[in-house]
Amino acid sequence: MTSLSLRELADIDVGRLKGVGDKKRASLGAIGVDHLLDLLTFYPRRWVDRSNEARIADLVPGDEALVLATVRSVTKRTTRNRRTMVTVNVGDGSGRMEVVFFNQPWRERQLRDGLQIALFGKADVYRGGLQMSNPVVDLIGDRTGRIVPIYPQSEKAQINTWEVAGWVEEALRRCRDRGIDDTLPDAIRRRLGLAPRFDAFADIHLPETIKAKEQARRRLAFDELLRVQLVLVLRKRAMEREQRGLQHEVDGDLVHRFYDALPYSLTGAQRRAIDEIETDLAAPHPMHRLLQGDVGSGKTVVAVATMLAAVQGGHQAALMAPTEVLADQHATGVRALLEGVSVPDPGNLFGDRPLRVELLTNRVTGADRKDVLAGLADGMVDIVIGTHALIQDAVDFASLGAVVVDEQHRFGVEQRAALRAKTVGGAVPDMLVMTATPIPRTAAMTVYGDLDVSVLDELPPGRTPIVTKWAEGPLLEAEVWADIRSQVADGRQAYVVCPLIGESEKLEVASAEETYERLAANELAGLRLGLLHGRLSSAEKETTMDAFRAGELDALVATTVIEVGVDVPNATVMAILDADRFGIAQLHQLRGRVGRGAHASTCWLVTQQRDEPGDPIGNPRVEALVATTDGFELAEIDLELRGEGTLMSTSQKGRSDLKLASLRRDRNLVELAREVAFELVDDDPELQRHPGLADELDLLFSESDEQFLAKG
Ligand code: ADP
Ligand code: MG
């Protein structure tokens, strides 16, 4: 008798379990549990060790805690202000307690004498005894055993944790004889010290000890991560096999002349990234590489070096930016770096012609646009910089050899793919994706798992670090305006970033206008102020930005539109209002707008006064920003503070999503899973010798899941 595969488990309806009648079957369906595989992966949300926790005698008044207890009596009455109040007396071997529920009359029917329940809430002392009011209640029935699993339960679907536990127990009993396929090769399983799979399923639900539960979790979490990594690695290797790329000449004159002409020497990190990129460029398969580097780490030089390698071989290169402002800025920056560089001109036997860089956005129109398009089609434009306008059908390249995508915010999947599709006689251009939002290594492995990763973890020398200060309450806020005035008096410029208001751009704009009026009339009266927000036309934005860049404005009052790409080295002070409404990554991006020149810069994070001064619950995000300017460190803290994130987009959340594994807690497992995925795939590129694993991927990942994973 062979063991049961996950696919077989997914074919057995939960209705076949004892005790699951039509009504319960429908309830299970409502919470997404249709077959045995769903049930076995419907994991407890916590486990209570009744031998050494959860006793009434151990409750500390004022603290939240969990207790397991038995219902002794239930009474219901109506209070004077016409609320219903259900009072339940509960007890365990160690003591007794009163539990009250307001406005939950149905509790009287739910909580019968003798029922075991888990209560989670804050116990207080009331009339000399302990009392919990409106705690979270889980019905656990009459389970015995030391560890009690507590399942997510649904009041609406009328499913209790004890019923789920019973069904799971029966499902496991019925699977026990045949066992469940262990698709992980035994040698690998042993090497990593992972539990066998059937044991893991049994111990995650009905562990004898907390330690057994932990081991089970580790195994099942590893499986989840391994499947994700296998999808990514299979795709990556297939792409490398199937796609023919260009073998660029990376040692050419052009690139060397470019390095020689730079006014500074490359940082070690830039050097390393360029080496990695050059190895990819010279290889026969197309590059798919992610360049991660904090704001100001010098990604532009790396991008230009990449593009020049393509140009050197007679190809073209494109740089795609998310906004017109950024595209403009890149065009200016890249042109400055490439001034005076010439390329061999095949039309002129011994001659050169100047390297040609063009901008292509929706604002380039008429004859200019025609000219750029013609140049791209006949190969006379070497480097083109633009927005998504670049991927429109009308844009033809003579020979696109390299593409750099600057994704301050991630581009759409299709957009990246469309640009890559502009192939040259079947050869796929090399692609470098740049991001200024550092993500922790393990998250990068998953989110950008089909890309190789280079990291710029070193800032160019000579930067004066940005000093970040927290201005809490009106007194310190006054100091912020004084600082801005004094910096402006010294000839510097300032940004004032207006509060983020929900998801509404309209409200945000209104608040920016209001802030602008207020500052102009009061705190910053007499200064030359500009206003920048998302509802202005491109031309209006442009005019304001130009004025700010030219120093004709002292301070720019703006919404988060300045988050990306604005580069004014003379701006040395930023005030972010209601900073606690922003996320860490966003604050970090905003702050990166200052500290771009030789002068020392300050970033003020302005918040309201907390209710009680000295309140120990501080403001962890604001505090993190004050503590460090290292984007990677902040990314780790962010992941830490935000807790679990889901891997799939919410709409894709499904069977393949991580149920147990956490990118935050299980960093080590993510790395192991990635290594094992490479080991398996490199040895057996289509998993033909691992049909069980291949079948599980097929079962658990839809085509759209795979695309979502692979393209980020
Ligand atoms: P990023 O795009 O990563 O935010 P940039 O490429 O815009 O960073 O570079 C930020 C600034 O640092 C630019 O003014 C650039 O001229 C400068 N820079 C880049 N590399 C170096 C280096 N190796 N040494 C000194 N300055 C550098
Ligand atoms: Mg940049």
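When a ligand or atom number is given, it counts from 1 through the structure's own listing order. It should be emphasised that the depicted structure is a prediction, and the values quoted were computed from it without experimental measurement. These values consider heavy atoms only, across backbone and side chains, with no hydrogens, waters or symmetry-generated copies.
- For the pair Arg272 and Asp457, the salt-bridge criterion is met [side-chain N within less than 4.0 Å of a carboxylate O].
- Numbered from 1 in the order shown, with element, the atoms of ligand 1 that lie under 4.0 Å from a heavy atom of Thr300 read 2 (O), 5 (P), 6 (O), 7 (O).
- The Asp294 neighbourhood of ligand 1 comprises atoms 3 (O), with distances under 4.0 Å to a heavy atom of that residue.
- Each of the atoms 23 (N) of ligand 1 lies under 4.0 Å from some heavy atom of Thr267.
- Arg621 and Glu623 are not joined by a salt bridge, as no carboxylate oxygen comes within less than 4.0 angstrom of a charged side-chain nitrogen.
- The heavy atom nearest to atom 9 (O) of ligand 1, out of those in Pro263, Gly298, Ser265, Pro460, is found in Gly298.
- Using a cutoff of 4.0 Å between basic side-chain nitrogens and carboxylate oxygens, Arg528 and Glu552 are not scored as salt-bridged.
- Taking every non-hydrogen atom of Leu266 and a distance limit under 4.0 Å, the qualifying atoms of ligand 1 come out as 23 (N).
- Cation-pi geometry between Arg271 and Tyr259 is met: the NZ or CZ atom falls under 6.0 Å from the ring centre, inside 45° of the normal.
- The residue from Ala336, Gly333, Gly296 that puts a heavy atom closest to atom 4 (O) of ligand 1 is Gly296.
- In Met434, neither the side chain nor the backbone holds a heavy atom less than 4.0 Å from any atom of ligand 1.
- Checking each of Asp554, Val496, Leu519, Thr602 against Ile484 for a side chain to side chain contact (heavy atoms under 4.5 Å, CB included) leaves exactly one that passes, namely Val496.
- In this model, a donor atom of one side chain and an acceptor atom of the other lie less than 3.5 Å apart for Glu276 and Ser454.
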